[in-house]
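Each ligand, and each atom within it, is numbered from 1 in the order the structure gives.
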Amino acid sequence: MTRMSARAGTAALKTNEDIQRIRLAGRVVFKVLSLCREMVRPGVTTAELNAEAERLIEASGAEALFRGVEARQAKFPFPAALCTSVNDQVVHGIPSSRTLAEGDVVSIDCGVRLDGWCGDSAITIAVGRIAQDVERLLTVTREMLELAIQAIRPKMWWSEIAGRMQAHAETAGFSVVREFVGHGIGREMHEEPKIPNYVDPREKRMDFLLSEGMTLAIEPMVNMGTANVMYEDRSGWPVVTADGRYAAHFEHTVAVTARGADVLTDGR
Ligand code: MG
Ligand code: MG
């Protein structure tokens, strides 16, 4: 995810060949997230998930994109291949000796570069049995990503899709994070345009028309309570909900084609 900003940019369009290369990077990300899904259970630490992810990324000949990322507010570069965000952590959770417990949720975000092209995807995983309302949060957030993927067509305004995503979250009683949004992706992990999961009339000039050849990381971040977020501590990394309630995050890298969205991080 990237920070929302007031500056609008133009997406670099990709050729079919570029898109196939992004898919190869996306396959590595898919494998990493599948491995994490298998590993997640009560008693596992987020550092163990990260260690296995690092091993798989290296064995695939890819480079972990998050490790070493610098941010203005952060005290140190991001220290891991995965972001592992637990419960009220929305994004940028740092893998640690924290042990996952029954009833937790963990959002795992992974980005890699393979042969010069990037893939980026995230899933929120339930640890054992979770509360029914948290299960609903995960389902609704996943559905927001799916409905965006189903809706994408060239020559559509993104805001039309973002509005549907936001309505889906809010109808369920949840709220959409504003500070962080999706992004274009290609040779760089974060390219233009910014891809919000909500509509704000004040940001109308940021809106863009979907075009064939765009490659986009679409990533709804949804909170159970308030949309407000803050940094957890002085490190300037983990972002948590302001009210301490749980958050969910799902992401796919997709290409816009004449027929609609082509998902590049689903393992195909
Ligand atoms: Mg992303
Ligand atoms: Mg991501």
Side-chain angles (χ1 to χ4, degrees), residues 1-5 9 11-12 14 22-23 25-37 46 49-50 53-54 56-57 62-71 74 78-86 89-95 105-114 117-125 138 141-142 144-145 148-149 152 158 162 165 176-198 214-222 229 237-239 247-256 261 263-267:
M1 78 302 310
T2 188
R3 261 193 172 281
M4 191 56 187
S5 76
K14 277 74 176 183
I22 295 172
R23 192 192 308 278
R27 272 186 201 149
V28 175
V29 174
F30 174 81
K31 280 187 201 160
V32 169
L33 295 182
S34 302
L35 176 66
C36 290
R37 200 191 284 282
T46 51
L49 299 175
N50 184 69
E54 301 238 7
L56 182 49
I57 291 167
E63 170 203 346
L65 282 171
F66 300 167
R67 180 179 282 289
V69 166
E70 310 214 24
F78 195 80
L82 297 181
C83 292
T84 54
S85 307
V86 181
Q89 293 180 331
V90 184
V91 291
H92 300 167
I94 298 175
V105 293
V106 57
S107 299
I108 300 183
D109 194 348
C110 179
V112 308
R113 185 184 274 119
L114 180 70
W117 293 90
C118 301
D120 187 7
S121 180
I123 53 173
T124 301
I125 305 171
L138 269 52
T141 310
R142 195 184 323 110
M144 282 167 72
L145 177 55
I149 288 167
I152 284 174
W158 172 256
M165 294 171 80
V176 178
V177 172
R178 303 297 202 274
E179 275 87 346
F180 296 91
V181 296
H183 48 93
I185 183 167
R187 286 198 175 275
E188 298 303 325
M189 175 167 61
H190 292 150
E191 298 186 354
E192 294 299 335
K194 303 269 188 282
I195 308 178
N197 305 294
Y198 59 88
M214 281 183 172
T215 45
L216 309 174
I218 301 171
E219 49 181 317
M221 288 155 266
V222 178
V229 297
W237 282 116
V239 173
H249 178 203
F250 285 87
E251 174 179 28
H252 270 310
T253 296
V254 309
V256 180
V263 181
L264 306 177
T265 43
D266 63 358

For the side chain of [X] and the backbone of [Y], is there at least one donor-acceptor N/O pair under 3.5 Å apart?
X: T124; Y: V106; result: no
X: E54; Y: A81; result: yes
X: H183; Y: M189; result: yes

message: Heavy-atom count check: over 12 atoms from other residues, nucleotides or ligands less than 6.0 Å from K31 NZ?
response: no
field: cation_pi(R67, F78) dist<6.0 Å, angle<=45
entry: no
- request: Take H92 and F180 through the ring-ring contact (aromatic ring centres under 6.0 Å, His included) test and state the conclusion after the steps.
  value: CA-CA 11 Å; H92 300 167; F180 296 91; 5.5 Å; yes
- request: Considering just N/O/S atoms, say which atom of H183 is closest to the Mg ion (ligand 1).
  value: NE2
query: What are the protein N, O or S atoms, given as residue plus atom name, that sit under 2.8 Å from the Mg ion (ligand 2)?
result: D109 OD1, D109 OD2, D120 OD1, E251 OE1
